[in-house]
Amino acid sequence: MTAENYVFPRGFVWGAATAAYQIEGAWNLDGKGPSIWDTFSHTPGKITNDDTGDIACDHYHRFSEDFSLLKQIGIKAYRFSLSWPRIFPDGKGTVNWLGLDYYDRMVDSLLALNIEPFVTLYHWDLPQALQDKGGWGNRDLLGYFSDYAAVAVKRLGDRVKFWTTFNEPWVVAVLGNLTGEMAPGFKDRKLTAQVAHNLLVAHGMATQAIRSIEPDVQVGIVLNLSPVEAYTDDKYQKMAADRAWNATSAWFLDPLFKGCYPPGALKDLAADAPVVQPNDFALISQKLDYLGVNYYTRTVIGPQGEMKKVPGSEYTEMGWEVAPEALGRMLVKMNSDYRLPPIYITENGCALDDQVVGEHVHDTRRIKYVHDHLAELRKTMRLGVNIRGYFVWSLLDNFEWAHGYSKRFGMIYVDYPTQKRILKDSAYWYSKVITHNEVHR
Ligand code: IFM
């Protein structure tokens, strides 16, 4: 590959991403209500080492310091989420103005540093009060979510130009309600299908609510997408791979961009199929300004239809295969299967066993991981896929859900007992990438 292949177009958005529950801490301060993640993490046995997000990176108190580090690295855009129960402690009704003020200050601080805020409304921390009303299985939540979106946009929409309704609805539905490894921790197939559907309709309703207040902002949704590939050329493995793609990624992409579920999908669910109301698909499939793609790994289907580890491949601390070329293949396929809006890679990164040596963290493997994904993206852009930006996951080491603090994804190391931050080698490397608008090692 020549150097030219690595140069990004002018205006390409270089970013970093986080999420409220994973970094903020301050779980019960200044009027914040409890979320399902507070409840879940306070339940013994749910999280590795019984870790909680009570303090996390203490970003609630340290955001100015963290934004100085963003600036030092040269990051142009910061993707973060709002905590719904910080703004509505009961999920609806009375607004907690202290919560809104906090996000107001954050947005002003970012803009003062010339960093573009990308705000996500829902990154998994549902107000517990709404879970007590049935959670996402209850259609009433769709209206409450739109009301929350409207309040947030009324306050911040004059300055925040990029809004995401949901982060990774597949995770919310499947890991929260089918496998039970995430909050609220249920194992119920019928509920899962209804939650997935309700999230999509909630996305549509909130999109309308946002646009009715601020018609000029950009509205999108973020999906976690993992291409499913067959281990060999075997016809049956390929069919199994296609079925798995339809049951995961296409389950969200088809309604959003085709206005229906993948062929046969509802029939396969039989009695567990969700209740769909007449206007739902029109709401779900309204035009979006962008699609956020979170990409970490691919899924490989083996001879028995099982998920297979690939001999010789590299795996991260999450047990995820490093597979940059699969990102390109997936984006090219999506580009031909759907009429897509512009794409942002809203998360990409890896968990490694980072060690502090003196004042340094030599995370060479993270540099290679990000490098190879960026190189793949640049190639994919040349094939006609409209990719506008890249957000590394994550700015900081943080609370990795059911894994607690045992997995480190950050470009900035966090020493949790002291809350000291150390820029890892990858942060210095990323800084150069941004300065030169070009990937080089
Ligand atoms: O930490 C998560 C994030 O909250 C959502 N996307 C995947 C990341 C790594 O697991």
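First listed ligand is number 1; within each ligand, the first listed atom is number 1.
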The atoms of ligand 1 lying under 4.0 Å from a heavy atom of Glu168, numbered in the order shown, are 5 (C), 6 (N), 7 (C)
Cation-pi check for Tyr148 against Lys92: NZ or CZ below 6.0 Å from the six-membered ring centre and within 45 degrees of the axis, yes or no? no
Purely on distance, is any nitrogen or oxygen of His123 under 3.5 Å from one on ligand 1?
yes
Near Trp320 (heavy-atom distance under 4.0 Å), the atoms of ligand 1 are 10 (O)
Query - Arg366/Asp354 ion pair, N-O < 4.0 Å - result: yes
Between Phe118 and the options Phe80, Tyr78, Tyr344, the ring pair (Phe, Tyr, Trp, His ring centres under 6.0 Å) test singles out Tyr344
**Report entry** Backbone or side-chain N or O of Gln22 under 3.5 Å from ligand 1 N or O
**Finding:** yes
Angle between ring planes, His371 versus Tyr6, binned at 30° and 60°: parallel, tilted or perpendicular?
tilted
shortest atom 5 (C) of ligand 1-to-protein heavy-atom contact is with Glu347 OE1, 3.2 Å
- Task: Look only at interatomic distance and state if Asn398 has a nitrogen or oxygen under 3.5 Å from any nitrogen or oxygen of ligand 1.
- Result: no
Are Trp251 and Tyr261 close enough that their ring centres sit under 6.0 Å apart?
-> yes
| Any salt bridge between Glu116 and Lys76, counting N to O under 4.0 Å? | no
Quick note on ligand 1: atoms under 4.0 Å from a heavy atom of Glu400 include exactly 1 (O), 2 (C), 9 (C), 10 (O)
May I ask you to check whether Trp124 has an N/O atom sitting below 3.5 Å from an N/O atom of ligand 1? no
